[in-house]
Amino acid sequence: MRTIDDINFKNKRALIRVDFNVPLNDKFEITDDTRIRAAVPTIKKILSDGGSVVLMSHLGRPKSGPEDKFSLKHLIKDLSERFDTDVKFASDCIGEEAESKSSGLQPGEILLLENLRFYPEETKGDEGFAKKLAAHGDIYVNDAFGTAHRAHASTSIVAQFFDEKVCGYVMAAEIENAQKVLDKADKPYTAIMGGAKISDKILIIEKLLDKVDNLIIGGGMSYTFFKAMGGDIGSSLVEEDKLDLANELIKKAKEKGVNLELPFDSVIADKFDNNAKTDIVRNGAIPDGWMGLDIGPQAREVFAKTIKSSKTILWNGPMGVFEMSNFAKGTTGIAEAVIEATEKGAFSLIGGGDSAAAVNLLGYGDKVSYVSTGGGALLEYMEGKELPGVKALED
Ligand SMILES: Nc1ncnc2c1ncn2[C@@H]1O[C@H](COP(=O)(O)OP(=O)(O)O)[C@@H](O)[C@H]1O
Ligand SMILES: O=C(OP(=O)(O)O)[C@H](O)COP(=O)(O)O
């Protein structure tokens, strides 16, 4: 795959697909800038060549058109400070305003486009929409590893409109690092999955069962499994149409001799609030009106033991709603076990927007082997899949 180092960007406009899907608090402040920080060297190389930069990204999962909370305008101040320049902004990613701003860019200037997902055409991979995006640049750069598993207009379809298409430094480094584990994972190999994007990530489990010795499932992901086994989960997060698949996966794990660990207990709450009333109960026995928001103390202990005896660890998805301090113990406990294993020589790979945020928030970012900007993308790569965002650069 060609990289930005193969190109001199002098007087060229680079259209860069970045993954600036960063967590924001209720004041729209960035709470973890890992994904932005990661993209800085790519942007700086292009600017120092004498080129200009058009940045495009999604933020969150807007359902129907523009929504203020998903606007990329919230990132302008951070980017302007970071690059010590007035980053320009187009309040629509396509159309006259955006085109006039991108065509008027001077060397050294940066333009940020509004959230691509304000158009359903983005996730549908619409060719007409991709062509309009392509008009913003002379060279296409994909540096959005975190979104490389999506065959969307800006991550994959757009590439066909460029003679020059290359990957940025984030993409190159992520692939190189993930490849190392894919080629040789020392055993015992343990995958830890959690988080909230159940419908996406549960599909990855089957393939991972061929690779790992232990599979730990915690966080929001676990309740679909408990419901599938006939347990009571109250109003915990669940993916109703994945119950059969969950049972199937439990069976397959047994057949393949993989040690599947689900959390024995949960910290439950009577509402989705840090100040909610809480209790600790056995999983599968959550009363109506209560929801599981973190793994419980017994689960922490059992999971930690497995993790500490592992030689390769792949973790995506927090064990609970770590953003609220009362539901962060599970994620903290697991992070500490991962660090202990790493200190004893294990290779630990942690990925995902929120997982990276959790690890950095705890100040553990430099104590694990590698923090990836991708969660779903990393898991799909580790399952052996070709990522559409990477394939589009090779075609
Ligand atoms: N039990 C739970 N109930 C609801 N949300 C949860 C639960 N456990 C974890 N989460 C949420 O999952 C989110 C992260 O999920 P996900 O996007 O899949 O991870 P990542 O971004 O690391 O790939 C976090 O915001 C966290 O609050
Ligand atoms: O946050 C992301 O993925 P992740 O939650 O797997 O880390 C990426 O920005 C992709 O977002 P998407 O899962 O809404 O396509």
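Order of appearance sets the numbers: ligands from 1, and atoms from 1 within every ligand. FYI, side chains are in, hydrogens and waters are out, and symmetry mates aren't considered; it's all heavy atoms of this structure.
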Check each atom of ligand 2 against the heavy atoms of [X] and keep those under 4.0 Å away; list them by number with element.
{"X": "G375", "result": "6 (O), 7 (O)"}
{"X": "K201", "result": "5 (O), 6 (O)"}
{"X": "R61", "result": "12 (P), 13 (O), 14 (O)"}
{"X": "G352", "result": "7 (O)"}

Report, in ascending order of atom number, the atoms of ligand 1 lying under 4.0 Å from any heavy atom of [X].
{"X": "N316", "result": "20 (P), 22 (O), 23 (O)"}
{"X": "G219", "result": "1 (N), 8 (N)"}
{"X": "G353", "result": "20 (P), 21 (O), 22 (O)"}
{"X": "Y223", "result": "1 (N)"}

Donor-acceptor check, side chain of D265 to backbone of V281, threshold 3.5 angstrom: yes or no? no

Regarding ligand 1, does D354 bring an N or O atom to under 3.5 Å of one of the ligand's N or O atoms?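 Yes, since at least one N or O of D354 sits under 3.5 Å from an N or O of ligand 1.
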
So, is S355 polar-close to ligand 1, with some N/O to N/O distance under 3.5 Å?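 N/O-N/O distance below 3.5 Å exists for this pair.
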
Can you tell me if [X] and [Y] form a side-chain donor-acceptor pair at under 3.5 Å?
{"X": "K165", "Y": "N142", "value": "no"}
{"X": "E174", "Y": "S372", "value": "yes"}
{"X": "R17", "Y": "T155", "value": "no"}
{"X": "S80", "Y": "D86", "value": "no"}
{"X": "S266", "Y": "N283", "value": "yes"}

Starting from [atom], find the nearest protein heavy-atom neighbour and note its residue, name and distance.
{"atom": "atom 6 (O) of ligand 2", "value": "G376 N, 2.7 Å"}
{"atom": "atom 24 (C) of ligand 1", "value": "E323 OE2, 3.3 Å"}
{"atom": "atom 15 (O) of ligand 2", "value": "R150 NE, 2.6 Å"}
{"atom": "atom 5 (N) of ligand 1", "value": "V321 CG2, 3.6 Å"}
{"atom": "atom 11 (O) of ligand 2", "value": "H58 NE2, 3.2 Å"}
{"atom": "atom 4 (P) of ligand 2", "value": "K197 NZ, 3.5 Å"}

Using 4.0 Å as the upper bound for N to carboxylate O, is an ion pair formed by [Y] and [X]?
{"X": "D213", "Y": "K187", "result": "yes"}
{"X": "K101", "Y": "E97", "result": "yes"}
{"X": "K69", "Y": "D26", "result": "no"}
{"X": "K184", "Y": "D186", "result": "yes"}

Just distances here: any N/O of [X] and N/O of ligand 2 closer than 3.5 Å?
{"X": "R117", "value": "yes"}
{"X": "G353", "value": "yes"}
{"X": "H149", "value": "no"}
{"X": "D19", "value": "yes"}
{"X": "N316", "value": "no"}

[atom1] of [X] to [atom2] of [Y]: how many Å apart, nearest 0.5 Å?
{"X": "I94", "Y": "S102", "atom1": "CD1", "atom2": "OG", "value": "12.0 Å"}
{"X": "E261", "Y": "T306", "atom1": "CD", "atom2": "OG1", "value": "3.0 Å"}
{"X": "L215", "Y": "L249", "atom1": "CG", "atom2": "CG", "value": "8.5 Å"}

Identity of the nearest option to [atom], non-hydrogen atoms only, from [options]:
{"atom": "atom 10 (N) of ligand 1", "options": "S372, G320, G351", "answer": "G320"}
{"atom": "atom 3 (N) of ligand 1", "options": "A196, G292, S236", "answer": "G292"}
{"atom": "atom 7 (C) of ligand 1", "options": "G220, A377, G352", "answer": "G220"}
{"atom": "atom 23 (O) of ligand 1", "options": "K197, K201, M193", "answer": "K201"}

Specify the closest pair of heavy atoms between A39 and V18, including all atoms of both residues, with the distance to one decimal.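 Reported closest heavy-atom pair: CB-CG1, 4.1 Å.
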
May I ask you to check whether Y119 and F129 place their ring centres under 6.0 Å from each other? yes

Side chain or backbone of L237 under 4.0 Å from ligand 1, or both, or neither, by non-hydrogen atoms?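 The side chain, only.
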
Tell me the contacting part of M291 for ligand 1: side chain, backbone, both, or neither, using a 4.0 Å heavy-atom threshold, strictly below.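 The answer is neither.
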
Using a heavy-atom cut-off of under 4.0 Å, does the side chain or the backbone of R35 touch ligand 2, or both, or neither? side chain

Does atom CG of D183 have more than 12 heavy-atom neighbours, drawn from other residues, nucleotides or ligands, at distances under 6.0 Å?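 Counting neighbours around CG of D183, more than 12 heavy atoms of other residues, nucleotides or ligands fall under 6.0 Å, so yes.
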
